[in-house]
Protein chains: 2
Amino acid sequence: MTGSERGPRERMVFSAAQLIRRGGVTATGMRDVAAHAGAPRGSLQYYFPGGKEQMVNEAVGWAGRYAGNRVARFLAALPEPTPAGLFAAMVGQWTDEFLASGYDAGCPVAAATVDCAGTSAATRSAAAAAFATWTGPVAGALEEMGVPAGRAPALATLMISAIEGAIVIARAERDVRALTTVARELGPLLDASVVPPG
Amino acid sequence: MTGSERGPRERMVFSAAQLIRRGGVTATGMRDVAAHAGAPRGSLQYYFPGGKEQMVNEAVGWAGRYAGNRVARFLAALPEPTPAGLFAAMVGQWTDEFLASGYDAGCPVAAATVDCAGTSAATRSAAAAAFATWTGPVAGALEEMGVPAGRAPALATLMISAIEGAIVIARAERDVRALTTVARELGPLLDASVVPPG
DNA sequence: ATAACGCTATGACAGCCGTCATAATAGACC
DNA sequence: GGTCTATTATGACGGCTGTCATAGCGTTAT
């Protein structure tokens, strides 16, 4: 997740996501992004002729792709794949980060939605797309574990909703309690939705 | 929820919550709040000597109290109180508002957390308190319905986490799908946690 | 009448914001 | 060398921000 050793453009997109995660979209200045990425200020209007909105949208897209890709890795790391195990891994990524690095950073997609849903149609759409590229792999994984195809997308949405909400509560409380709670309470429900093959 | 017919101070707190709901904390200017409340600009530094932070914190507190009070009303309106019924009512409040008034406004507590958790300890604390004054009545209601006392707070946290997350997704998608989904998928789990008396 | 008090009015301050215009640099290719 | 392209540098613009200082009004109380 270090995002170093890439081109200055990619570094800026990554830095934008990182700063949006912390203070929200409005509090994130373009000059701050360039500085955080170690990129020259003059590159801003060169790489992002669409202005701040373009930069924010790309950061949101990056975050969505990042979350989607993580699903496959979580799956591969599980000794035996179960829905509850996948959910615990997704939650664990957040509890680990909170406990290790503090509660200053949340989900950039949620931050962009909260700050821009009412003002920028493009950013709102980018956020919806990001949620879709996150929910898709989760639903696919559930299906592979034996969850009926008609149920998997709904459960994936439930999982991500619970995580997003628990992230917010955890940041407010400075405690991972909400995250561990949703993992514990939701796990049995998820595993119970698996239909044995045959 | 109209907040009219109150003193100018209360109107400003209410207006602050209303504007924060839409654009986030950083995008909400104090002059905007006064204008939205129909209050004179000169009253800002008189009623809120603690500056913007004080105003935001009071708006967050107001929102928490509002959400907490709604729980008792939902309960009273239910023909026969069940956990799934309460949850459906809580979700229904949001789906109704989204369908009637559009997707421009979310939860002010979540917005304040996303925007200020890393920068203002007081606001972060106010958000945590708001979540507590919301979760408390929900847990109490569950308990009265027969949910074991040891389980009720956890389920209340799960309910609110799922709602908060679904609100964000719904706003991004401009669709109540996420909200109706969590209500449908979580309802049976909640009702199943009721232990018959005896 | 005079004083006190609750509230409002107004203007200014420094600072940051996104955006634009324009010039300068550096390297590659012919 | 000349030319073209890719990238960067720099400065300025208008506008908005939260905050402060200070004066003003209108009512009430003494």
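Letters A, B, ... are given to chains in the order of the sequence lines, protein chains preceding strands, and every chain is numbered from 1.
- Nearest to the side chain of A:Met30, among D:dA9, C:dG18, D:dT17, sits C:dG18.
- Side-chain atoms of A:Arg31 and base atoms of C:dT19 include a donor and an acceptor less than 3.5 Å apart.
- Rounded to whole Å, the distance from CG on B:Asp32 to C1' on D:dG15 is 13 Å.
- Nucleotide D:dC20 holds its P atom 15 Å from the NZ atom of B:Lys52, rounded to whole Å.
- Atom-to-atom, CD of A:Glu53 to P of C:dG18 comes out at 13 Å; the value is rounded to the nearest Å.
- If B:Thr26 and A:Pro40 are placed on DNA chain D by their nearest nucleotide, the residue sitting closer to the 5' end is A:Pro40.
- Applying the salt bridge (Lys or Arg N to Asp or Glu O under 4.0 Å) test to B:Glu53 and every residue at least two apart in sequence or in another chain returns nothing.
- Ring geometry for B:Trp62 versus B:Tyr66: interplanar angle under 30°, hence parallel rather than tilted (30 to 60°).
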- prompt: Where do A:Glu185 and A:Thr181 land on the side chain to side chain contact (heavy atoms under 4.5 Å, CB included) test, with the steps shown first?
  reply: CA-CA 6 Å; A:Glu185 295 294 334; A:Thr181 296; 4.1 Å; yes
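- The phosphate of D:dT7 (OP1 or OP2) has a side-chain N or O of A:Tyr46 nearer than 4.0 angstrom.
- Contact annotation: A:Ser43 side-chain N/O to D:dT8 OP1/OP2 distance is under 4.0 Å.
- Atoms CZ (B:Arg41) and P (C:dC7) sit 19 Å apart, rounded to a whole Å.
- A parallel orientation is assigned to the rings of B:Trp134 and B:Phe131, their planes being inclined by less than 30° (bins at 30° and 60°).
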- request: Starting from the C-alpha separation in whole Å, work towards a yes-or-no answer on side chain to side chain contact (heavy atoms under 4.5 Å, CB included) for B:Arg171 and B:Phe98.
  value: CA-CA 8 Å; B:Arg171 291 185 69 196; B:Phe98 283 151; 3.8 Å; yes
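- Residue B:Arg9 forms a side chain to side chain contact (heavy atoms under 4.5 Å, CB included) with just one option from B:Tyr47, B:Phe14, B:Tyr46, and that option is B:Tyr47.
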Please set out all donor-acceptor pairs under 3.5 angstrom arising from side-chain atoms of residues 74-92 of chain A, sequence neighbours excluded.
{"from": "A:Thr82", "atom 1": "OG1", "to": "A:Gly85", "atom 2": "N", "distance (Å)": "3.0"}

statement: Under a 4.0 Å heavy-atom criterion, the protein footprint on nucleotides 21-28 of chain D, written with B, S and -, is BB------
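- Residue B:Thr28 is classed as a sugar-phosphate contact, given heavy-atom separations below 4.0 Å to backbone atoms only.
- Comparing D:dA9, C:dC17, C:dT8 by their nearest atom to the side chain of B:Tyr47 picks out C:dT8.
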